[in-house]
Amino acid sequence: MRQILVTSALPYANGHIHIGHLVEYIQTDIWVRFQKMRGNRCIYICADDTHGAAITLRAQAEKRSEIDVITEMSQAHQADFAGFGIEFDQYGSTHSDENRALCADIWEGLNKAGLIVTEDVEQFFDTEKGVYLADRFIRGTCPNCGSKDQPGDNCSKCDAVYEATELIDPISQISNSTPELRRTPHKFIDVEKARDTIANWIDDDTLPEQTVNQLKGSYLHEPLKQKDLSRPGPYFGFEIPDFEGNYWYVWYDAPIGYIATTHQWCKANGEELDAWWRNEDCEIHHFIGKDITYFHTILWPAMLEAGDFQLPAKVRIHGFLTVDGEKMSKSKGTFVRATSYLDHLDPTYLRYYYATKLNSRIEDIDLNLEEFATRVNSELVGKVVNIASRSAKFVAKTGLSDTYPDDGGLFEKFAKAGDDIAAHYEAGDFSKATRAIIELADLANPYVEENAPWELKKDETKAQELQDVCTVALNLFRQLAIYLGPVIPGITEKVSTLFDEPLTSWDQAKTPVTGKTLNKFKHLVQRVDPAKIEAMIEAGKEAAAAEAKLNAAAGSWDDSSDALDAEPIQPEISFDDFAKLDLRVARVVEANEVPKANKLVQLTLSLGGDETRNVFAGIKAAYKPEDLEGKLVVMVANLAPRKMKFGVSEGMVIAAGPGKDEIYLLSPDSGAVPGQRVS
RNA sequence: GGGACUGUAGCUCAAUGGUAGAGCAGGGGACUCAUAAUCCCUUGGCCGCUGGUUCGAUUCCAGCCAGUCCUACCA
């Protein structure tokens, strides 16, 4: 019997659970349930990640305390998880006494090992709100191209990358005041000193091959950079014991929450923490998304080693969720919250669908809404559940045959397939596991077809034969219900009721049940109604629209406020300021691709007569050169020429949109001619 | 800019150094026990593009294109 501790990444207390999060929790829950069915000693640990500046900002916006925010969100998270049948052995919080104590212990270990160094950091401080500002809370003028209102890390106009401290006229996004640059000491972890531990641990046993390649090709290729683990107060989190006024960065205390929550579980169950975290015989498996690989494969092992804890046996990494091939989108209604899903659809569907998609590699998985319905209906309802539903009523009165009949080796075949299916589950290849199970179902239905119980029923002399055929069909069905137990526990529980026998162990699939009366067969799962999917998406759209309306105050066109939210309106200017800007109608007389440029198209713009301008425009992703020629556009005619890698750009064309392939050139209504001023 | 991964039938995904497979969808037939379920047959593919290695490549190598993630004081 193996001893296994499993975790999912801790959901952040700043937001609600959505169907993207659920990929991970469903994946983990399936794996944990599988381990428990196999008879292994396995606990599933998770917690809310509660610290950081974002929580404080939310609390301030909602005019309540941080504790209120995280308490309410934790309850919401747990309710959402419970709704999807995700069963934690312990669900904790990073804001717990256990976590504070463990953070201090590991900190001491890090200090003893000489891994902590102190360095000064320059950071903006919002004097009105009294907080230090992370880069994403600062906007200002790009030091490179002079574009105003750019984010704190890179310019959306010229793509220049810079430090927030380099911004000209920085503005705090929290108070709209000018922040003050302050120099404060921070505590860093010198991860390079733990290189040997990390490098030895990173291999094909502990991590997916792709991740091993990635880490070896990037981080391990050069000295590991020091990681800033402290934040000056005020900061919602734990104060660092030997560093007054400073707090642990959220990514320090978050993973320690795994241990702290285990500790809570131990206290509640009379167990020793060391038996789980300082025990080489205990396997620790972390399930995470690909975005937080660094924290779990570089930072975390270094911390564990310093705290004298064992390193994880495996980190299992999954990709992101797309819906109908695209990123989830609020305005398209595909950003579906867990509660919203549950309002419309059965959680079993999503568990099954995700299972058919999940594998052991790091690939994004797509929720194709049409496939979602047809797949669940044809496989789960049409093939699997159908076996019981077409045979149970024939033996409602007689019960199952007293001895298991000759079935041509089907039961034995199903029993043997259990090993392969188990291996797929173990490896995290749930798509292979479900496919193997459906293949079995595809053997069971023809069996029923060939033996036609509905024909046997017509002949009273064939009563025994009828009972035998149904005994076989129901036993095959029972095996499938066991194999699908980790994925669709809700259904398997109902099957347990049908057979009047809890189906909780994998090995039950090895022995047929005979000579017993079944409980009345009831529908195990409703077919997916595509109209309900549609309703769910529509509800999402409406919620997004309502939210947009709320934000935009008034507006009869129902437009989303996303764009305005992303880029607020600039400070007021005078007419004279505006008059400095010379906008002109121009015709694209020539447009060419720029070899080697990622985004640029070279344009020759005519202002009428012989006056032309050479302009490089970052619109390659949205426009083909041949589609541009002849088009009338609006250009900034008096913009200072800018030397670029590919030549000098003498102006810019005006366009709207967030960028990439969403760029919309402005063009005048018909009648305008090149050279006319736009005012 | 650097690193990693992905790109196979309309859709979602397998497999493989030797003329490509499944499920769903589409087409044809059978059945009527079953949640308009099931069963049988069947139409679909320059295996992203271009080169190279090989007797032979979808599979190995290189380059390119597209997408995703990480990383980076590139215009």
Side-chain angles (χ1 to χ4, degrees), chain A residues 143-145 153-155 158-166 208-222 225 289-294 297-298 317 319-320 322 324-327 353 356-357 359 361-394 429 431-432 434-435 438-439 441-442 444-458 466 469-470 473 521-529 594 596-600 616 618 621 642-647 649 660-661:
Chain A
N144 181 54
C145 73
D153 52 356
N154 68 79
C155 175
C158 74
D159 276 348
V161 179
Y162 42 74
E163 297 295 322
T165 50
E166 296 174 47
E209 190 193 345
Q210 297 155 288
T211 305
V212 174
N213 292 342
Q214 189 193 354
L215 295 175
K216 285 187 175 165
S218 55
Y219 293 101
L220 294 180
H221 211 63
E222 52 197 13
K225 293 196 178 60
K290 63 182 177 182
D291 53 327
I292 55 175
T293 299
Y294 166 84
T297 58
I298 305 284
I317 308 174
F320 292 164
T322 56
D324 283 342
E326 296 180 359
K327 280 184 182 170
Y353 184 80
T356 66
K357 294 280 167 182
N359 57 42
R361 280 173 299 150
I362 308 161
E363 288 172 353
D364 290 353
I365 71 171
D366 186 50
L367 169 56
N368 181 295
L369 294 170
E370 197 182 325
E371 189 206 7
F372 172 76
T374 58
R375 185 149 204 161
V376 170
N377 285 344
S378 95
E379 295 182 2
L380 202 55
V381 183
K383 288 179 176 175
V384 177
V385 169
N386 188 231
I387 299 164
S389 127
R390 69 195 306 198
S391 54
K393 81 169 195 184
F394 293 122
D429 281 323
S431 62
K432 286 184 184 166
T434 49
R435 198 180 315 126
I438 295 305
E439 277 171 21
D442 282 339
N445 274 308
Y447 171 85
V448 177
E449 203 81 10
E450 278 168 31
N451 291 282
W454 55 95
E455 292 293 340
L456 299 172
K457 195 188 173 216
K458 293 173 185 166
L466 173 65
V469 167
C470 293
F521 178 80
K522 292 178 190 158
H523 274 196
L524 301 172
V525 59
Q526 294 294 316
R527 301 175 64 74
V528 179
D529 178 357
V594 183
K596 297 204 175 176
N598 291 331
K599 303 176 179 174
L600 299 178
F616 288 98
R642 176 158 189 87
K643 198 177 160 204
M644 299 176 78
K645 190 172 170 184
F646 310 102
S649 186
K660 289 220 171 177
D661 59 342

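This structure is a prediction, so every number in the text was calculated from the model and none was measured.
Remark: A66(B) base-pairs with U6(B); criterion is Watson-Crick or G-U wobble with both hydrogen-bond distances under 3.5 Å. Figure legend. U58(B) is base-paired to no nucleotide; pairs are counted as Watson-Crick or G-U wobble with both atom distances under 3.5 Å. Look at A20(B): it lacks any Watson-Crick or wobble partner with both distances under 3.5 angstrom.
Across all strands, Lys457(A) comes closer than 4.0 Å to no nucleic acid atom at all (heavy-atom distances). At the heavy-atom level, Lys216(A) lies nowhere under 4.0 Å from the strands shown. Residue Leu524(A) is classed as a base contact, given a heavy-atom separation below 4.0 Å to a base. Within the 4.0 angstrom heavy-atom criterion, only backbone atoms of the sugar-phosphate kind lie near Lys327(A); the bases stay farther away.
Nucleotides C46(B) and U19(B) have their C1' atoms positioned 14 Å apart, rounded to a whole Å. Atom name P, nucleotides G45(B) and G29(B): the rounded distance is 23 Å, in whole Å. Only the C1' atoms considered, G27(B) is 14 Å distant from G10(B), to the nearest whole Å. Spacing between U16(B) and C65(B) at atom C1', rounded to whole Å, works out to 25 Å. Of the P atoms belonging to G1(B) and C60(B), the separation is 26 Å, rounded to the nearest Å. Taking atom P in both G48(B) and U43(B), one finds a spacing of 23 Å when rounded to whole Å. Separation of the P atoms belonging to G3(B) and G63(B) is 10 Å when rounded to the nearest angstrom. The separation of C13(B) from U35(B), taken at their P atoms, amounts to 32 Å, rounded to a whole angstrom.
For Asp529(A) and U35(B), the CG to P distance is 17 Å, given to the nearest whole Å. Between Asn368(A) atom CG and C13(B) atom P the separation is 8 Å, expressed in whole Å. Atom CG in Asn377(A) sits roughly 10 Å away from atom P in A36(B) (whole-Å rounding). Atom CD in Glu379(A) sits roughly 10 Å away from atom P in A25(B) (whole-Å rounding). As rounded to whole Å, 10 Å separates atom P of U38(B) from atom CD of Glu449(A). Counting to the nearest Å, the C1' atom of G67(B) and the CZ atom of Phe320(A) are 14 Å from each other. Going from atom CG of Asn451(A) over to atom C1' of C39(B) covers 13 Å, rounded to whole Å. Spacing between atom CZ of Arg375(A) and atom C1' of A22(B) amounts to 10 Å, rounded to whole angstrom units.
Between Arg390(A) and Glu449(A) there is a salt bridge, with a side-chain nitrogen of the basic residue lying less than 4.0 Å from a carboxylate oxygen of the acidic one. A salt bridge is defined here as a Lys NZ or Arg NE, NH1 or NH2 lying under 4.0 Å from an Asp or Glu carboxylate O, and Glu379(A) with Lys383(A) fails to meet this definition. Remark: Asp364(A) engages Lys290(A) in a salt bridge, criterion side-chain N to carboxylate O under 4.0 Å.
When the nucleotides U38(B), U71(B), C33(B) are ranked by their closest atom to the side chain of Asn445(A), U38(B) comes out on top. Side-chain atoms of Arg527(A) lie closest to U35(B) of the nucleotides U35(B), A14(B), C70(B). In the set U32(B), C69(B), U68(B), the nucleotide with an atom closest to the side chain of Glu455(A) is U32(B). The side chain of Val448(A) approaches C33(B) more closely than any other nucleotide in the set C33(B), A4(B), A34(B). Proximity note for Lys383(A) (side chain, C-beta onward) versus C33(B), U38(B), U32(B): the nearest is U38(B). With C33(B), U68(B), C24(B) as the candidates, the nucleotide lying closest to the side chain of Thr374(A) is C24(B). For Trp454(A), counting side-chain heavy atoms from C-beta on, the closest listed nucleotide (C70(B), C33(B), C11(B)) is C33(B). In this structure, the nucleotide among C69(B), U35(B), A34(B) sitting nearest to the side chain of Ser389(A) is A34(B). Of the candidates U68(B), U35(B), A4(B), the closest approach to any side-chain atom of Asn213(A) belongs to A4(B). Relative to the side chain of Ser378(A), the nucleotides A34(B), C39(B), C24(B) differ in distance, and C24(B) lies closest.
Under 4.0 angstrom from either OP1 or OP2 of A4(B) there lies no side-chain N or O belonging to Arg361(A).
Judged by distance alone, the side chains of Asn359(A) and Ser431(A) never bring a donor and an acceptor atom under 3.5 Å apart.
Residue order along RNA chain B, read from the 5' end via each residue's closest nucleotide, puts Glu370(A) first among Phe394(A) and Glu370(A). Mapping Arg435(A) and Tyr219(A) onto RNA chain B by nearest heavy atom places Arg435(A) at the nucleotide closer to the 5' end.
No hydrogens or angles were tested; on distance alone, a donor-acceptor pair under 3.5 Å links the side chain of Asn386(A) to the base of A34(B).
With a 6.0 Å radius and a threshold of 12 heavy atoms from other residues, nucleotides or ligands, Glu209(A) has its CD atom at or below the threshold.
Classified by its glycosidic torsion, G44(B) falls in the syn category, the angle being within 90° of 0.
Classification of the Tyr294(A)-Tyr219(A) ring pair by plane angle, with boundaries at 30° and 60°, yields tilted.
The heavy-atom pair separating Val528(A) from Ala373(A) by the smallest distance is CG1-CB, 3.9 Å.
With Phe521(A) as the aromatic partner, Lys393(A) does not meet the cation-pi criteria of under 6.0 angstrom to the ring centre and within 45 degrees of the ring axis.
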